[in-house]
Number of protein chains: 2
Amino acid sequence: MSENERQTEEKIFESATEVFLKKGMDGARMQDIANHAGINKALLHYYYRTKDHLFNAVFEKIAGQMFKKFAPVLDENHSLEEKIRFFFQEHISFLQRNPRLPVFLINELNRNPERIKKLIKNLDINKLWSTLEKQHKEEFVKYNITKETIPQLMTSIAALSVFPFMAKAVISGLMEKMGYDFNAYLEARKKFAADFVIKAITK
Amino acid sequence: MSENERQTEEKIFESATEVFLKKGMDGARMQDIANHAGINKALLHYYYRTKDHLFNAVFEKIAGQMFKKFAPVLDENHSLEEKIRFFFQEHISFLQRNPRLPVFLINELNRNPERIKKLIKNLDINKLWSTLEKQHKEEFVKYNITKETIPQLMTSIAALSVFPFMAKAVISGLMEKMGYDFNAYLEARKKFAADFVIKAITK
DNA sequence: TTTACATTTGACCAATTGGTTAAACTATTT
DNA sequence: AAATAGTTTAACCAATTGGTCAAATGTAAA
């Protein structure tokens with residue numbers, strides 16, 4: 001029954017994703033994943049031959065999701081300011097639905113540096129940059145953006161969006177102690193971060 | 001010989017720190033640590049009874065180092081702007097010397113959430129905040145800082161400093177491809193981040 | 001119904017790993 | 001120098017873990 005088969009594979013993949021996200025490659029146990037999927041451990045190996053195979057499948061999908069979110073900024077025909085607002089809105093919303101993603105990714109990329117080249121190979125950063133430059137040449141002059149500060153700006157934007165999820169444990173712990181609500185903080189951050197960046201780059 | 005003994009313990013601790021920082025608790029092997037220290041594996045257990053003991057010793061020290069760096073900002077009798085510049089200068093310099101620290105900390109805090117309460121218990125964030133408020137009451141009005149935006153601002157500052165080290169693998173990979181130098185980027189970041197924040201909060 | 005094929009399972013295996021132990025070694029005390 | 005106490009080692013153990021395999025079960029075609 002091909003339908004059952006697909007259901008099983010999907011269930012395995014879902015369970016593996018959940019366990020790997022929570023425990024990482026080293027911490028995850030095949031038995032855990034099997035239990036979580038309600039199947040026998042041997043069945044895992046039947047569908048995905050080894051732990052590495054299974055992990056790679058999960059990692060590939062997750063990494064793809066994460067980086068895809070950076071791209072659509074380019075497609076739109078909006079102003080730079082609109083793009084920045086759009087990015088924080090979309091990216092933080094995405095991370096709200098997948099809060100464990102950043103820690104997982106960073107950690108696994110750190111554990112296995114070879115993955116990075118593979119990841120980077122897929123996105124042509126030079127083309128991305130030249131597109132941006134073409135679209136916003138006048139705006140870059142209007143704002144405080146030069147070819148030299150581009151990496152600083154890009155990483156700052158990424159940092160403001162991703163960091164709260166990486167340090168979620170610490171931040172939410174501190175906030176609880178001060179009477180703030182972490183979810184409200186995240187919601188407010190979509191606007192705050194955008195304002196923050198725009199203000200910072202305005203001449 | 002008490003001198004030899006201390007040397008051995010120190011060697012073990014150093015080796016453990018290095019291995020744990022690189023591989024994390026799950027990935028680290030007692031045998032690795034022993035080899036790295038040039039001693040027998042049983043000797044590890046003689047000095048630190050279990051892997052957990054050893055790991056906790058390492059973690060405690062590392063976490064302490066990291067968070068201490070946030071405190072001295074308060075002692076100085078400088079203006080808010082000077083404090084911000086001072087923080088980025090010192091914090092990024094510290095992370096340049098200990099680049100693996102952020103990923104390690106975040107990952108282990110994520111793996112074992114109970115640690116967080118223990119960590120947070122030690123720093124009285126409310127007192128910290130009220131001190132800051134007292135010291136810079138007029139400046140907060142001059143800038144765009146309110147009680148509500150404080151968490152946003154604090155996390156943004158932390159993000160701008162820490163994120164490059166968390167995402168170092170990705171960032172340096174991308175930069176290499178674009179002809180930028182990661183170390184130069186870090187050096188420039190000390191000033192860029194400070195300017196960025198100050199510009200952003202200026203009314 | 002029988003044949004053929006894929007799917008699922010329980011039992012098992014070999015390797016790894018944290019941890020133990022008894023003996024050997026070293027240094028200090030008497 | 002002999003006894004005592006702390007330090008280091010090699011060999012070993014029990015538990016965990018990724019992975020295998022032959023048998024059992026289900027399913028669709030002949």
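Lettering follows sequence order; numbering is per chain, from 1.
- Counting atom types as modelled, Lys41(B) pairs a side-chain N or O with a base atom of dG19(C) as donor and acceptor under 3.5 Å.
- Looking at Glu60(A) and Lys118(A), a side-chain N of the basic residue comes within less than 4.0 Å of a carboxylate O on the acidic one, giving a salt bridge.
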Check step by step if side chain to side chain donor-acceptor pair (under 3.5 Å) holds for Arg189(B) and Ser156(A). CA-CA 10 Å; Arg189(B) 189 151 190 85; Ser156(A) 299; 3.0 Å; yes
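- We find that CG of Leu43(B) is positioned 14 Å from P of dT20(C), with the value rounded to whole Å.
- In this structure, the CG atom of Asn35(B) is 12 Å from the P atom of dT9(D), given to the nearest Å.
- The nearest whole Å value for the distance from the NE2 atom in His45(A) to the P atom in dC12(C) is 18 Å.
- Looking at the side chain of Arg29(B), the nearest of the listed nucleotides dG18(C), dT9(D), dT9(C) is dG18(C).
- Arg111(A) and Glu108(A) are joined by a salt bridge, as a carboxylate oxygen and a charged side-chain nitrogen come within less than 4.0 angstrom of each other.
- Ala28(A) comes within contact range of the sugar-phosphate backbone alone, with a heavy-atom separation under 4.0 Å but no base atom that close.
- Gln31(A) has its CD atom 17 Å from the P atom of dA15(D), to the nearest Å.
- Between Glu81(B) and Arg85(B) there is a salt bridge, with a side-chain nitrogen of the basic residue lying less than 4.0 Å from a carboxylate oxygen of the acidic one.
- Between Leu54(B) atom CG and dT17(C) atom C1' there is a gap of 15 Å when expressed in whole angstrom units.
- When distances are taken from the side chain of Ala42(A) to each of dT9(C), dG19(D), dT21(C), the shortest belongs to dT9(C).
- Taking the six-membered ring for Trp and thresholds of 30 and 60 degrees, Phe104(B) and Phe59(B) have ring planes inclined between 30 and 60 degrees apart.
- Asp26(A) places its CG atom 18 Å from the P atom of dT16(D), with the value rounded to the nearest Å.
- Nearest to the side-chain atoms of Lys51(B) among the listed nucleotides dT20(D), dT9(D), dG18(C) stands dG18(C).
- Among the nucleotides dT9(D), dT8(D), dG19(D), the one closest to the side chain of Tyr46(B) is dT8(D).
- More than 12 heavy atoms of other residues, nucleotides or ligands lie within 6.0 Å of CD in Glu82(A), so this atom counts as buried by the packing criterion.
- Comparing dG19(C), dG18(C), dT17(D) by their closest approach to the side chain of Thr50(B) singles out dG19(C).
- The distance between atom CD1 of Ile39(A) and atom P of dT25(D), rounded to the nearest whole Å, is 19 Å.
- Of all nucleotides listed (dG10(C), dT8(D), dG18(C)), dT8(D) comes nearest to the side chain of Thr8(B).
- The distance from atom CG of Asp32(A) to atom C1' of dG18(D) is 13 Å, rounded to the nearest whole Å.
- With dT7(D), dG18(C), dT8(C) as the candidates, the nucleotide lying closest to the side chain of Tyr47(B) is dT7(D).
- For Asn40(A) and dG10(C), the shortest distance from a side-chain N or O to OP1 or OP2 is below 4.0 Å.
- A salt bridge links Lys190(B) with Glu187(B); the closest basic N to acidic carboxylate O contact falls under 4.0 Å.
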Name the pairs: protein N/O against N/O of nucleotides 22-24 of chain C, kept only if under 3.5 Å.
none

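- Under the 30°/60° scheme for interplanar angles, the aromatic rings of Phe94(A) and His91(A) are found to be tilted.
- When the side-chain nitrogen and oxygen atoms of Arg49(B) are compared with OP1 and OP2 of dG19(C), none of them lie within a distance under 4.0 Å.
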